[in-house]
Every structure is written in structure tokens, then in C-alpha cells.
Amino acid sequence: MAQFELDGKVFEVDGDGFLTTPEMWNEQVAISFAKSDGIEELSDKHWAVVKVIRKNFEEKGNAPMIRTICQETGLRLKEIYELFPLGPARGACRVAGLPKPDGCV
Amino acid sequence: MKNIDIQAKEKALDLLRDKSDTKLITHMNACVRCGLCADSCMYYLTFKEAKYIPAAKVAAVSSLYRRYCTFAGKVAPSLVNAKELNEEYAAEMVDLLFGSCTVCGRCVKHCSIGVDIAYVVKKGREMLATMDMVPATLQATVDAAINTGNNMAIPVEEFTDTIKWLEGDLIDEMENPEARIPLDEYDKELFYTLNPREPKFFPLSISAMAKVFYAAKASWTLSTKYYDVTNYGFFNSNTAEATQIAKNLYDEVHKLRGKKLILGECGHGSRANRWEGPNYLKKSYDFETLTAVELIGDYIRKGTITLDKSLNNEVFTIHDPCNLVRNGGMFKEIRFVVNSAVENLVEMNPYGNDNYCCGGGGGMLAMSEYNEGRLKTGKIKADQILATGAKVVITPCHNCVDQLLQLNHTYKMGVKIVTIAEIVADAIVKNNKNKTI
């Protein structure tokens, strides 16, 4: 497990760089993760995706289906792939502070 | 370090003591450690450490065999390089057999005497699974499949909503309210399967395959309960779990009375169901099992669908999934389909049966513990792709797609990664009309 420090707080990440304690997530973490993925600035669209993912995680304990992200943000699928070049799992879910989803992602 | 339960250890060693597993005994003991396999392995090529040589991975298992199953190893272990199975040794086995091997089988083809090194590695994994030592992230993927029916734990309702949503888009795109993505329908010709990452995050390949089925006027269905083509029990090597997962799909095909099981674009899933499935269930399948690539190949040969290559006019290359090509015999079929759908194909070097693994095979993509090694070894693939000059990489395996997406980002390759269904759907010409769909 690797650690990093942000604004005096210490965060732990797994080998894939996902937060191991999703409750510790805050917007600064999102900005920092996004930068490491080459997203210099999070736009309103990025934040809209992140918020849907966070909300789903807090309510249901897992990442939302891509359909939910599209329908709740009004964004098209291809836009989401463009916003997060690493895709909804390794890109958007990581920025939103979720643990890594299981399976081939 | 995890303590090993004595009984579990004995059960693990029983796998080596089992005299009926003649393949294991023959192959494990046939390895003379000549080292020819070294340069075939992406882990050795990347890290240049002797422990990564495939023969050393065989030795990790055969040293235990000598210690517990031979007279010399029992009385004078150090003379015959026999090793004690203890906590430390088992932890090293986990790092070596799970964390530094994608079970791609490239070493097997380079072995001068054909030792099935991947088989021995998988037996070592099975021993570790018996001792409950599978890396947690890989085990979580298996558990999700056993407990929920799919490896991403997607609830049936959310899966159904996603498919209905995609069907709505298909109807709009085809301008035909009869365009369908059928769910849980009985007596269909084709029982189609998916990798759960498709409905969860990357559904364009589902839409693409639905378009192919629409153009072919196929009789097909998806099950809402067991549609998962993957079987991570094949990778954690827990035979009971692999058997349960294979059985769930087998039973579901029967329940819906599907005539043919069509394996979605997934390398290990195709292998685990088609070639290993009958071994797991200890019976022949009484329905035909085909990969999506072969089904599409049939459609093209019979003229069921017509493709216009000029619709795919970029430079393409193919990444051969190990479990479909080297270990699955799909080399020619993939070329036939791709050459029917694109104008300009440039092969990698090497390619086909000698192709390098993407680095994400063997369950590696699921194991966060070994992310760093996975991305480092993946550079071989990234360099291969860049050398072709291709702008699009086609691969009929969603696991490979995900690894390639990450390599694309890490090594700034600037390519697009697509499945075979996607390029075929892009090239389809509507029958009897000169109109593309």
C-alpha cells in the first residue's frame, strides 16, 4: 500500500492508485488524482460525473452503471470516455475516490 | 505473513502426490532448466532477474514435489534442491506464480521439449488456492461471480435497465422499432454472453454485436441472470469455484434451451468455457460452443452479412489474445474476419501464435497488488503497437482491451482500441440496399 499526503492529511492507495478508505475522499483528492491522469482542470462536466459516482457509492456501496452516469448527467457515452481518458473505472471512479471495481477493469 | 493451516497444506501437497495427474508429473520433471524459455517471457525480458525465467517457475513447484514425493528429497533435500513448504516459501510462490506470470503460454511454445509450463504454474496456483492464498483482489472477482452470477456484482435490475437503454438507442439508429436486444427468451438459436465490464462501463461493444445480429436477422438472446462469459476460477485455479461458475452458465443455456452458446469477446472466458468447461463438469457439452469471432466469420462466408471495407480506412493492427490464439486456435479466423472488415492491416512483430501477451492476462488485471509489474511488462506490447504505425488496435478480448487502454495512456500511444464486433458493425452494409447501418 502506498501513501501520499495532501493538505496535511495522509491518504493510502492500493497498487492501482485507488483510495483504500473512500470515506476520506475530498475534492482536493479528486483534483490531485485527475492531474496524475493528465486532466489539468476538472470542468463542470467532470464534476457532474464525479458527483453521480459518489452519490451512487454512498447510497449503494458500488460504482454506478455507465447508463446511470449518462442519464443523470445528460452526457453522451463518448463524452464520458473523452472526459476521462482512462475510462469510467480506472479514470472516473478513481477520481471519485471509489475502491477499484472487480473484474476486467 | 499468513499462517498456513496444517490440513490445508496437506491438501495442497496431495495435488502433487496424486499419481493420476501424469501430465503434471511428466512435465514438471521433464524440465531440464536449459533456460531457452528465458527470452520468451515478458517478465524476464523486462526485469532480467533469474527468478522470472519460466523454468524457475516450474522449479518452484517441482522443488516441493521432490521434497514430499521422492525418497531422495525426503532424506537429503538439499542434495536434490528439494524445498520445504512453509509460510515464507508459499509467499514467494504467490509473488511468482500469481504476481509474475500471466499464464500466456509463450514459454511453452519456446520450450525445446514442449513442457507445458503454464500447466505447472496453474497447478502451483491451485496449491495456493487450496491454502487460501489467492491474492485478495483476484479472489474478490471470483467471489462476486459465485455470489451474484457476474464478476462485477451487477444486480439483475440494473443489467436489464442498461440493456433496455441500449435497445432504445439501437431502435433509433436502425430506424426500426423491431430492432431488439432480447432478454431471457427461450428456444433461440444463439445464447450470447458478455464480459460484465460491457454493461457496467463499456457498452459500445454490446450495441455493435446487436447491430451484427440485427443485420444477420439472428435468433438470439441474452440471459439476465447468467450472461457472464468470464470464469476467474480458471485463474485463481480453485477447481471447485471454476466448476461452479462454468456450471451456472451451462445450466442457464439449458434453462433457456439455447441451441448454441456464443462466447463473447473474452480470451480466457472462451478457453474456460469451450476447452476447460467439459473438463470441469466432467461431461461433453450437448450444445455447440462457438466464439463470437467464428460466428461472425460464418456470417461473412455465407453472405449473411455484407461488409464494406472502405468504411474502415485507417491503419489497423491486431493484438492476439493468448487464450484465443496461442491457446485457442483462432489465428486464421481472426485474420479472415478482420481482413473482411478493414482495408489496411499491419501485423505486429511477432504476431499470431508467437505474439506477446498484453500483460493483463492470467488475472493480472484484477490484481492491484501487481499493478506496477503489469504496466512495466506491458511496455513490450506498447512498443510493438507503436512500431506498426497503426492508429487502431483490434482485439477480441475485453481484458486485453482494458490493459491496452491503460498502456495507451501510460505510454502515450495515441491509438484507439476496439473489439472485432465494433469494426465489423462499422463495416456492415444493409442487405439489398447500398446503405450502411
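The basis for the numbers below is simple: all heavy atoms, side chains too, and nothing from hydrogens, waters or symmetry mates. Note that the structure is predicted; figures quoted are calculated from it, not measured. Each chain gets a letter, A, B and so on, in the order the sequences are listed, and its residues count up from 1.
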K.L.:
Applying a criterion of heavy atom separation less than 4.5 Å, what residues of residues 158-171 of chain B form contacts with chain A?
P.N.:
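Residues E158(B), F159(B), D161(B), T162(B), W165(B) are the ones that qualify, each having a heavy atom under 4.5 Å from chain A.
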K.L.:
Identify which part of F202(B) has an atom lying under 4.5 Å from any heavy atom of chain A, answering side chain, backbone, both or neither.
P.N.:
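For F202(B), heavy atoms of backbone and side chain both lie under 4.5 Å from chain A.
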K.L.:
Output yes when K35(A) and E40(A) qualify as a salt bridge under the 4.0 Å nitrogen-oxygen rule, no when they do not.
P.N.:
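Looking at E40(A) together with K35(A), the answer is no, because their closest N to O distance does not fall below 4.0 Å.
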K.L.:
Side chain, backbone, both or neither: which part of L138(B) has a heavy atom under 4.5 Å from chain A?
P.N.:
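For L138(B), neither part sits under 4.5 Å from chain A.
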K.L.:
Determine whether a donor-acceptor pair (N or O, by modelled atom type, separation under 3.5 Å) exists between the side chain of R94(A) and the backbone of A89(A).
P.N.:
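No.
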K.L.:
For the residue pair F234(B) and H268(B), categorise the inter-ring angle as parallel (less than 30°), tilted (30 to 60°) or perpendicular (more than 60°).
P.N.:
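Plane angle under 30°, so parallel.
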K.L.:
Using non-hydrogen atoms only, which part of P196(B) is less than 4.5 Å away from chain A: side chain, backbone, both, or neither?
P.N.:
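Neither part, no heavy atoms under 4.5 Å.
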K.L.:
Among T291(B), N231(B), N323(B), find the residue that satisfies the side chain to side chain donor-acceptor pair (under 3.5 Å) test when tested with R271(B).
P.N.:
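Between R271(B) and the candidates, side chain to side chain donor-acceptor pair (under 3.5 Å) is satisfied uniquely by N323(B).
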K.L.:
Sort out for me which of E369(B), H398(B), M152(B), Q406(B) touches chain A most, counting heavy-atom pairs under 4.5 Å.
P.N.:
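Among E369(B), H398(B), M152(B), Q406(B), the one with the most close pairs to chain A is Q406(B).
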K.L.:
Among L405(B), L204(B), T137(B), V142(B), single out the residue with the greatest number of heavy-atom pairs under 4.5 Å to chain A.
P.N.:
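That would be L204(B).
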K.L.:
Which residues in residues 412-422 of chain B have any heavy atom lying under 4.5 Å from a heavy atom of chain A?
P.N.:
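The residues closer than 4.5 Å to chain A amount to none at all.
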K.L.:
From the options R54(A), K55(A), K60(A), select the one residue that forms a salt bridge (charged side-chain N to carboxylate O under 4.0 Å, His left out) with E58(A).
P.N.:
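For E58(A), the salt bridge (charged side-chain N to carboxylate O under 4.0 Å, His left out) test succeeds with only one of R54(A), K55(A), K60(A), which is R54(A).
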K.L.:
Select one option (side chain, backbone, both, neither) describing which atoms of Y81(A) are under 4.5 Å from chain B's heavy atoms.
P.N.:
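Just the side chain, heavy atoms under 4.5 Å.
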K.L.:
Go through the side-chain N and O atoms of Q244(B) and N248(B) and say whether any donor and acceptor fall under 3.5 Å apart.
P.N.:
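Checked: Q244(B)/N248(B) side chains pair up, N/O donor to acceptor below 3.5 Å.
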K.L.:
Between K376(B) and E372(B), does at least one N-O distance fall below 4.0 Å, as a salt bridge requires?
P.N.:
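Judged by the 4.0 Å cut-off on N to carboxylate O distance, K376(B) and E372(B) do form a salt bridge.
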K.L.:
Using only heavy-atom distances, determine whether the side chains of N195(B) and D228(B) contain a donor-acceptor pair under 3.5 Å.
P.N.:
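Checked: N195(B)/D228(B) side chains show no N/O donor-acceptor pair below 3.5 Å.
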K.L.:
Quick check for you: among I66(A), D14(A), D16(A), which has the greatest number of heavy-atom pairs under 4.5 Å with chain B?
P.N.:
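Top count of heavy-atom pairs under 4.5 Å with chain B: D16(A).
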K.L.:
Using side-chain contact (heavy atoms from CB on, under 4.5 Å) as the criterion, point out the one residue from I146(B), T141(B), N238(B) that pairs with Y232(B).
P.N.:
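That would be T141(B); it is the only one of I146(B), T141(B), N238(B) passing the side-chain contact (heavy atoms from CB on, under 4.5 Å) with Y232(B).
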K.L.:
Counting only N and O atoms by type, is there a donor-acceptor contact under 3.5 Å from the side chain of N236(B) to the main-chain atoms of A129(B)?
P.N.:
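Side chain of N236(B) to backbone of A129(B): no pair is present.
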K.L.:
So, E72(A) and K51(A), do they make that salt bridge, N to O below 4.0 Å?
P.N.:
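Not counted as a salt bridge, because no side-chain N and carboxylate O are separated by less than 4.0 Å.
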K.L.:
Tell me if a side-chain donor or acceptor on D37(A) pairs with a main-chain N or O of F84(A) at a distance below 3.5 Å.
P.N.:
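Absent.
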K.L.:
So for A92(A), is it side chain, backbone, both, or neither that comes closer than 4.5 Å to the heavy atoms of chain B?
P.N.:
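Neither the backbone nor the side chain of A92(A) comes within 4.5 Å of chain B.
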